[in-house]
Amino acid sequence: MTVRTRFAPSPTGFLHIGGARTALFSWAYARKHQGDFILRIEDTDVARSTPEAVQAILDGMNWLGLSWDEGPFYQMQRMERYKEVIQKLLDEGKAYHCYCSKEELDALRESQMQQNLKPRYDGRWRPELGKELPARPEGVSPVVRFKNPQTGNVVWNDLVKGQISIANEELDDLIIARGDGTPTYNFCVVVDDWEMGITQVIRGDDHVNNTPRQINMLVALGAAIPQYAHLSMILGDDGQKLSKRHGAVSVMQYDEDGYLPEAVLNYLGRLGWSHGDDEIFSMEQFCAWFDLDHITPSAAQFNTEKLKWLNAHYIKQADIARLAQDIKQRLVKLEVDTTAGPNLTAVIQLYRERANTLNELAASVAYFYQKPAIDPAAVEKHITPDILPIIKAMVVELAKIEWTTEAIHGVIEKMVTENSLKFPKVAMPLRVMITGGAQSPSIDAVMALLGAEEVLSRISTFAD
RNA sequence: GUCCCCAUCGUCUAGAGGCCUAGGACACCUCCCUUUCACGGAGGCGACCGGGGUUCGAAUCCCCGUGGGGACGCCA
């Protein structure tokens, strides 16, 4: 049987890091087994679903490169089918109408809570042999409830958490269609997972408690039961739960912040899953290795530092033309014009090993295209009065040479030797004059790239 | 409250009863490299939640406790 997995987000917000990992794992599982990965948009909550959110999710998936084989399917477009199945269940006596008002239900829930009971529907409209149902109230459009088994246990072997068993006594007759006839989440999931032939349901573990209900419905429908793999959640950097109010950001924010998608993917792949001691792997490698056996059942805390480390790694590996393209855009946002000035590719080559993010890389390279911001502390420390005459002498020498790194290096070396100095004594003030600060790659290489005219101009503002 | 789940360095994790004096990675510290800062290299610090069992032997299996999380919607 071919493997078929799905990612089924509800379009009530962007694709966040937890959803992205769920999608990644589902995707990788399908890839690993030459199966199909299906994207399904669960938009039955009309009040909260938005087309913008749908687009945001699609954008996130595309940025990460998680491509789907089927879909996106939209549940709102499958209404007729859900209603047919509900009618079937009704006809077979596996579901029934319930005329309880929300107020009644609230009161019931409250009194159960007060008695320290698990709040649940008491089955007052559940038809039973020889049982007399309440009189139907006027003008109430009933909801449809699924007739859940009342005895026995629902047991499944969760591919991540192991065997889980829940007593049917803990469950109640859930609503599968609202008063207006629209089906609810738990029901749509069941119909879709069934009809889309999903073989492995990989999802967040906030769905563990829905699983027994879904299995019961699948059984009632005579459908095959898929395997389930429940992923534990991802906590924020501070160990706190991620929520819209706290720490949950769109994966696209990582793009904004200068992370490469392959770094995010690699990081997410390693968060809650392992392949021995392997830390760095391509998606190709990940798909070949991925399995459900090595997923950690406990929650994982997100660690931005480690993501940065991976990002730095991938910046070093990335195709230079792609980097140049990207950095150019980021410089535009910083209002830096790269059309004049040194070759951007060469500049990036010089800097790529020093950056954790693309934003850092862009910012650190800006001084090649505009006058640098001057760090006063660096000026005070390195541009001392005693060195100025030597710098001035060096300017004269620099004017004579062919403008290459080697030749520039030779000039600095010459000044160092002639004045019996250490190399940094000359290099540091130069660095500050040219880059504005005390950190940069080899100053001779920087000078070579920047060009003689600009270098001399920058020096002259300090040494004239 | 009820039910379900989880528990190894600060963090992500390896670990399938002896290979564990518990391994790797990020972070941190030291040293080396060096033209500053990074990169890179070599070291270092640092953990099996507690208590009972089972066993010749437990990080690993079982029970209890503790702690954390999730679920209990005409949300998904």
Side-chain angles (χ1 to χ4, degrees), chain A residues 8-12 42-45 47-49 75 98 100-102 105-106 109 112-120 141-145 158 160-162 164-167 169-172 174-180 182-186 188-189 204-212 230 232-233 235 237 239 241 267 270-280 293-294 296-310 312 316 351-356 364 378 382 409 412-413 416 422-428 430-432 435 437-445:
Chain A
S10 67
T12 53
E42 310 218 317
D43 54 358
T44 51
D45 184 353
R48 284 193 282 178
S49 298
Q75 290 188 321
C98 167
C100 282
S101 66
K102 287 177 188 177
L105 262 13
D106 288 344
R109 192 173 300 125
Q112 286 166 328
M113 291 282 254
Q114 269 170 5
Q115 296 170 66
N116 285 343
L117 296 171
K118 185 172 184 165
R120 50 194 224 249
S141 51
V143 299
V144 178
R145 286 184 184 270
D158 195 276
V160 171
K161 292 178 185 288
I164 298 178
S165 171
I166 293 175
E169 288 169 10
E170 295 296 328
L171 274 22
D172 63 0
L174 74 155
I175 291 171
I176 58 176
R178 303 179 177 95
D180 65 4
T182 58
T184 57
Y185 163 76
N186 269 299
C188 298
V189 167
D205 72 355
D206 47 333
H207 290 291
V208 166
N209 294 275
N210 291 325
T211 307
H230 287 102
S232 55
M233 49 190 266
L235 274 19
D237 249 323
K241 184 190 173 185
Y267 180 74
R270 190 64 182 72
L271 192 63
W273 174 84
S274 61
H275 183 267
D277 288 337
D278 293 303
E279 296 286 350
I280 293 177
D293 307 332
H294 291 85
T296 317
S298 53
Q301 188 173 320
F302 195 88
N303 186 240
T304 304
E305 290 303 320
K306 190 162 180 180
L307 205 214
K308 278 187 185 168
W309 169 71
L310 278 167
K316 285 174 209 151
Y351 263 93
R352 68 192 310 187
E353 297 219 334
R354 328 166 70 82
N356 285 322
S364 64
H382 298 290
H409 187 84
I412 300 175
E413 204 69 73
V416 166
K422 300 250 190 192
F423 198 98
K425 182 67 184 169
V426 178
M428 287 309 293
L430 265 184
R431 180 154 14 236
V432 176
T435 73
Q439 297 106 45
S440 85
S442 292
I443 193 59
D444 41 26

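Residue numbers begin at 1 in each chain, while the letters A, B, ... track the order of the sequences.
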Counterpart base for [N], defined by Watson-Crick or G-U wobble contacts under 3.5 Å:
N       : value
rU30(B) : rA42(B)
rA59(B) : none
rC48(B) : none
rA25(B) : rU11(B)
rU2(B)  : rA71(B)
rC19(B) : none

Any side-chain heavy-atom pair of I164(A) and T211(A) under 4.5 Å =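 Not in contact.
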ask   = With a cut-off of 6.0 Å (strictly less than), are more than 12 heavy atoms of other residues, nucleotides or ligands near CD of E169(A)?
value =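 Incorrect, the count does not exceed 12.
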Which nucleotide in the set [options] lies at the smallest distance from any side-chain heavy atom of [X]?
X       : options                   : answer
Q301(A) : rA76(B), rA25(B), rU11(B) : rU11(B)
K306(A) : rC5(B), rC26(B), rU36(B)  : rC26(B)
Y185(A) : rA76(B), rG24(B), rC4(B)  : rA76(B)

Counting N and O atoms only, with roles assigned by atom type, does the side chain of [X] sit under 3.5 Å from a partner on the main chain of [Y], one being a donor and the other an acceptor?
X       : Y       : answer
T184(A) : I175(A) : yes
R431(A) : P441(A) : yes
D43(A)  : Q75(A)  : yes
Y267(A) : N303(A) : yes
E42(A)  : V189(A) : no

At 4.0 Å (heavy atoms only), tell me whether [X] reaches a base, stays on the sugar-phosphate, or touches nothing.
X       : answer
P441(A) : base
S49(A)  : nothing
G272(A) : sugar-phosphate
H409(A) : base
A300(A) : sugar-phosphate
E279(A) : base
S165(A) : sugar-phosphate
S442(A) : base

Roughly how far apart, to the nearest Å, are [N] and [M] at atom [atom1]?
N       : M       : atom1 : result
rA47(B) : rA22(B) : C1'   : 9 Å
rU60(B) : rC48(B) : P     : 12 Å
rC49(B) : rG23(B) : P     : 16 Å
rA25(B) : rA14(B) : C1'   : 11 Å
rG18(B) : rC33(B) : C1'   : 43 Å
rA58(B) : rG50(B) : P     : 15 Å
rC6(B)  : rC62(B) : P     : 11 Å
rU55(B) : rG68(B) : C1'   : 31 Å

ask   = From L430(A) CG over to S440(A) OG, what is the distance, rounded to the nearest 0.5 angstrom?
value =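 It comes to 10.0 Å.
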In whole angstrom, give the distance that lies between atom [atom1] of [X] and atom [atom2] of [N].
X       : N       : atom1 : atom2 : value
D293(A) : rA16(B) : CG    : C1'   : 11 Å
D237(A) : rC12(B) : CG    : P     : 11 Å
R352(A) : rG40(B) : CZ    : P     : 14 Å
E170(A) : rC3(B)  : CD    : P     : 6 Å
I443(A) : rA38(B) : CD1   : P     : 17 Å
K316(A) : rC39(B) : NZ    : P     : 7 Å
N303(A) : rC28(B) : CG    : P     : 11 Å
N116(A) : rG1(B)  : CG    : P     : 7 Å

ask   = Taking only side-chain nitrogens and oxygens of H230(A), does any of them come within less than 4.0 Å of OP1 or OP2 of rC4(B)?
value =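 Indeed not, no polar side-chain atom of H230(A) lies that close.
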ask   = Are T12(A) and rA76(B) close enough that a side-chain N or O sits under 4.0 Å from OP1 or OP2?
value = no
ask   = Of R270(A) and S440(A), whose nearest nucleotide on RNA chain B comes first from the 5' end?
value = R270(A)
task = Assign each of P297(A) and Q439(A) to its nearest nucleotide of RNA chain B by heavy atoms, then name whichever residue's nucleotide is nearer the 5' end.
result =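 It is P297(A), whose closest nucleotide lies nearer the 5' terminus.
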Might you list the N or O atoms of the protein lying below 3.5 Å from N or O atoms in nucleotides 67-74 of chain B, with each pair's distance?
| from | atom 1 | to | atom 2 | distance (Å) |
| --- | --- | --- | --- | --- |
| rG70(B) | OP1 | K241(A) | NZ | 3.2 |
| rG70(B) | N2 | N209(A) | OD1 | 3.4 |
| rA71(B) | O4' | N209(A) | ND2 | 3.1 |
| rC72(B) | O2' | P119(A) | O | 2.8 |
| rG73(B) | OP2 | R109(A) | NE | 3.0 |
| rC74(B) | O3' | R178(A) | NE | 3.4 |
| rC74(B) | O2 | G179(A) | N | 3.0 |
| rC74(B) | N4 | C100(A) | O | 3.3 |

key: Partners passing side-chain hydrogen bond (donor to acceptor under 3.5 Å, both in side chains) against R145(A) (at least two apart in sequence or in another chain)   = none
message = If only side-chain N and O atoms count, and only distance matters, is there a donor-acceptor pair under 3.5 Å linking T182(A) with D180(A)?
response =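 Per modelled atom types, D180(A) and T182(A) side chains form a pair under 3.5 Å.
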